[in-house]
Number of protein chains: 2
Amino acid sequence: MPLEIPEVVIERLPVYARALAALQARGLDVVSSQELGDQLGVTPAQIRKDLSYFGRFGKQGRGYNVNRLMEELHQILGLDRTWSMVLIGVGQLGRAILQYGGFGPQGFHVIEAFDASAETVGEMIGPLTVRDVSELGAVLRHRHVDIGIVSVPGENAQRVIDTLVAGGIRAILNYAPIAPQVPSGVHVRQIDPVLSLQSMTYYLKGNTASAAK
Amino acid sequence: MPLEIPEVVIERLPVYARALAALQARGLDVVSSQELGDQLGVTPAQIRKDLSYFGRFGKQGRGYNVNRLMEELHQILGLDRTWSMVLIGVGQLGRAILQYGGFGPQGFHVIEAFDASAETVGEMIGPLTVRDVSELGAVLRHRHVDIGIVSVPGENAQRVIDTLVAGGIRAILNYAPIAPQVPSGVHVRQIDPVLSLQSMTYYLKGNTASAAK
DNA sequence: TTCTGTGAACGGATTCACAGCA
DNA sequence: TGCTGTGAATCCGTTCACAGAA
């Protein structure tokens with residue numbers, strides 16, 4: 001399982017892991033690439049090929065053991081541990097993210113929150129006291145942080161991202177509506193519902209009642 | 001500009017449009033594919049090729065007129081009008097979406113909100129009174145709705161999506177952590193920060209300090 | 001027989017490279 | 001000279017199809 005696994009493959013693995021968790025919850029213990037594919041709208045060949053980058057997890061004639069495959073995927077993806085995150089930008093959006101209950105159960109924890117506004121700095125949100133964004137660099141030096149979440153206005157996002165990168169952060173979840181510049185080796189995922197809407201309207205205009213994806 | 005423009009191309013157009021808006025705000029009136037590409041981390045050739053699907057908007061030796069190109073893109077994408085949306089699922093996440101100020105300025109308006117819980121139904125949120133989700137089908141029949149936003153728990157998401165589709169909705173922004181099944185011709189965009197995080201951790205584990213995207 | 005793992009074939013998107021216009 | 005528009009070449013991910021293990 002050497003170098004050069006396509007990034008698209010990596011992005012599909014968590015989808016598989018989630019589907020397996022659902023099967024596990026239903027008590028299933030074997031699943032074929034066909035069944036998994038039907039559920040996810042992916043071809044069986046793609047699932048088999050994707051998994052084959054990492055090993056031979058299936059049994060010919062039977063399929064994949066659900067528990068086993070789940071464990072393997074968790075290990076591959078690093079989901080068998082917890083990850084610490086900082087959030088920058090405690091506005092409406094940032095608060096919603098902090099309040100969101102979906103990260104914790106998956107092992108993702110926000111351990112510090114930052115904002116630039118004097119009103120917000122010092123405020124307590126859940127267990128966190130909002131710190132001034134000017135302290136971000138220093139905090140990154142002193143605490144172990146894996147991931148940065150950026151929820152500041154677009155105008156400030158690149159600056160914040162530069163600080164994260166300078167502080168050694170190599171994974172960023174960016175909610176700001178910009179295409180950030182980062183050095184290679186730093187991974188960014190963009191959460192941008194407006195862009196999503198704006199690309200769907202193309203099809204609504206009737207340009208093509210084309211296939212869904 | 002006939003059939004079969006790749007979907008990836010369509011997804012990049014809003015990115016270009018946004019970058020052009022920024023240039024416009026700065027008073028620039030001409031931009032080359034090179035400059036635009038630098039800003040967005042896209043190759044100039046790709047920008048030219050993408051745009052060439054729709055027409056010849058540039059001037060050789062000069063570049064693209066910012067205003068002109070913006071207008072063209074808006075027309076192509078249907079951003080020169082407003083779009084009406086319904087939201088289903090007025091929990092924490094749904095409230096955050098309703099509160100979010102980023103949709104309106106881009107012409108996207110939530111005109112009805114629905115929930116299943118008796119406590120929430122009837123509540124007023126901004127200008128909207130939350131309706132019972134059982135009325136969703138009827139509302140889709142009586143009001144013009146372009147897009148559905150789904151922010152219900154995963155267990156209920158497929159059912160809600162089926163109702164939207166049955167009601168003629170062809171574009172869905174789905175925040176629920178499932179891979180929905182929709183007939184071809186219905187477009188879905190997934191907003192799923194947990195999946196985004198779970199794919200980045202692969203690289204953090206050191207599998208490859210590979211290039212960022 | 002069933003379903004995996006995988007090399008080979010395919011298809012489609014990206015990049016190249018250059019002709020042509022301003 | 002500078003930069004677009006675009007066929008051709010390339011690259012890369014997906015699908016095919018089948019050998020082989022249970």
Side-chain angles (χ1 to χ4, degrees), chain A residues 1-13 15-16 20 23 28-70 72-73 76 179 199 202 208 210-211 213, chain B residues 1-13 15-16 20 23 28-70 72-73 76 179 199 202 208 210-211 213:
Chain A
M1 91 202 77
L3 263 278
E4 286 349 303
I5 293 158
E7 180 151 357
V8 268
V9 172
I10 304 302
E11 286 174 6
R12 279 192 294 265
L13 298 186
V15 179
Y16 301 160
L20 288 166
L23 294 174
L28 277 277
D29 46 39
V30 172
V31 68
S32 68
S33 58
Q34 176 76 61
E35 295 162 332
L36 199 53
D38 288 348
Q39 215 171 110
L40 295 173
V42 166
T43 65
Q46 178 150 85
I47 292 177
R48 294 201 302 276
K49 173 70 89 174
D50 285 352
L51 296 176
S52 76
Y53 281 104
F54 301 95
R56 308 150 71 100
F57 307 128
K59 280 216 181 356
Q60 282 144 327
R62 288 178 109 339
Y64 299 88
N65 177 288
V66 172
N67 294 318
R68 161 89 194 291
L69 186 52
M70 261 277 278
E72 296 282 359
L73 288 176
I76 292 165
S199 64
Y202 171 79
T208 304
S210 118
K213 192 17 214 323
Chain B
M1 89 202 78
L3 262 280
E4 284 350 302
I5 293 158
E7 178 151 359
V8 267
V9 172
I10 303 302
E11 286 174 5
R12 279 192 296 265
L13 298 186
V15 179
Y16 300 160
L20 288 166
L23 294 174
L28 277 278
D29 46 39
V30 173
V31 67
S32 68
S33 58
Q34 177 76 60
E35 296 163 331
L36 199 53
D38 288 349
Q39 214 171 109
L40 295 173
V42 166
T43 66
Q46 178 149 87
I47 293 177
R48 296 201 301 276
K49 173 70 87 175
D50 285 354
L51 297 177
S52 77
Y53 282 104
F54 301 95
R56 307 150 73 100
F57 306 128
K59 281 218 181 352
Q60 281 142 329
R62 287 176 110 340
Y64 299 88
N65 176 289
V66 172
N67 294 319
R68 159 89 194 290
L69 186 52
M70 261 277 278
E72 297 281 0
L73 288 176
I76 291 164
S199 64
Y202 171 78
T208 305
S210 120
K213 201 351 212 340

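Here is the naming used below: chain letters follow the sequence lines, and residue numbers restart at 1 for every chain. These numbers come from the heavy atoms of this one structure, side chains and all, not from hydrogens, waters or symmetry mates. Keep in mind it's a predicted model, so treat the numbers as computed, not measured.
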Look at A/Y64 and C/dT2 and indicate whether a side-chain polar atom (N or O) is within less than 4.0 Å of OP1 or OP2.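 False: A/Y64 side-chain N/O out of range (4.0 Å or more) of C/dT2 OP1/OP2.
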So, does B/S33 get its side chain near the phosphate of D/dC3, meaning an N or O under 4.0 Å from OP1 or OP2?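 For B/S33, the contact criterion (side-chain N or O under 4.0 Å from OP1 or OP2 of D/dC3) is not met.
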Could you list the donor-acceptor pairs under 3.5 angstrom formed by side chains in residues 61-68 of chain A, with sequence neighbours left out?
unit_1	atom_1	unit_2	atom_2	d
A/N65	OD1	A/N67	N	3.0
A/N65	OD1	A/R68	N	2.8
A/N67	OD1	A/Q24	NE2	2.5
A/R68	NE	A/E72	OE2	2.9
A/R68	NH2	A/E72	OE2	3.0

Find the distance [X]:[atom1] to [N]:[atom2] and express it as a whole number of Å.
X	N	atom1	atom2	answer
A/Q60	C/dT4	CD	C1'	5 Å
A/I47	C/dG5	CD1	C1'	14 Å
A/D38	C/dC3	CG	P	12 Å
A/L36	C/dT4	CG	C1'	14 Å
A/R62	C/dT4	CZ	C1'	13 Å

Excluding sequence neighbours, so at least two apart, what forms side-chain hydrogen bond (donor to acceptor under 3.5 Å, both in side chains) with A/Q39?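 Scan of A/Q39 (side-chain hydrogen bond (donor to acceptor under 3.5 Å, both in side chains), adjacent residues dropped) gives none.
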With B/D38 via side-chain hydrogen bond (donor to acceptor under 3.5 Å, both in side chains) - residues at least two apart: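 Result, side-chain hydrogen bond (donor to acceptor under 3.5 Å, both in side chains) vs B/D38: B/Q34.
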Please list, chain by chain and in numerical order, all residues satisfying salt bridge (Lys or Arg N to Asp or Glu O under 4.0 Å) with B/R12, sequence neighbours excluded.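 For B/R12 the salt bridge (Lys or Arg N to Asp or Glu O under 4.0 Å) partners, ignoring immediate neighbours, are B/D50.
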Would you please name every residue forming a salt bridge (Lys or Arg N to Asp or Glu O under 4.0 Å) with B/E11, sequence neighbours left out?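 So B/E11 forms a salt bridge (Lys or Arg N to Asp or Glu O under 4.0 Å) with B/R189.
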Are any non-hydrogen side-chain atoms of B/Y53 and B/P6 less than 4.5 angstrom apart?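 Result yes, sub-4.5 Å side-chain heavy-atom pair found.
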Partners passing side-chain contact (heavy atoms from CB on, under 4.5 Å) against B/V42 (at least two apart in sequence or in another chain):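 Partners of B/V42 by the side-chain contact (heavy atoms from CB on, under 4.5 Å) criterion, ordered by chain and then number, come out as B/Y16, B/L40, B/Q46, B/I47.
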My understanding is that only residues two or more places apart in sequence, or in another chain, count here; which of them pass side-chain contact (heavy atoms from CB on, under 4.5 Å) with B/Q60?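 With neighbours one apart ignored, the set is empty.
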Roughly what angle, to 10°, lies between the helix axis at the start of the helix from C/dT1-D/dA22 to C/dA22-D/dT1 and the one at its end, five pairs per end?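 If I round to tens, the end axes sit 10° apart.
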For every nucleotide of nucleotides 6-15 of chain D, 5' to 3': is a protein heavy atom under 4.0 Å from its base (B), only from its sugar-phosphate (S), or from neither (-)? BBB----SSB
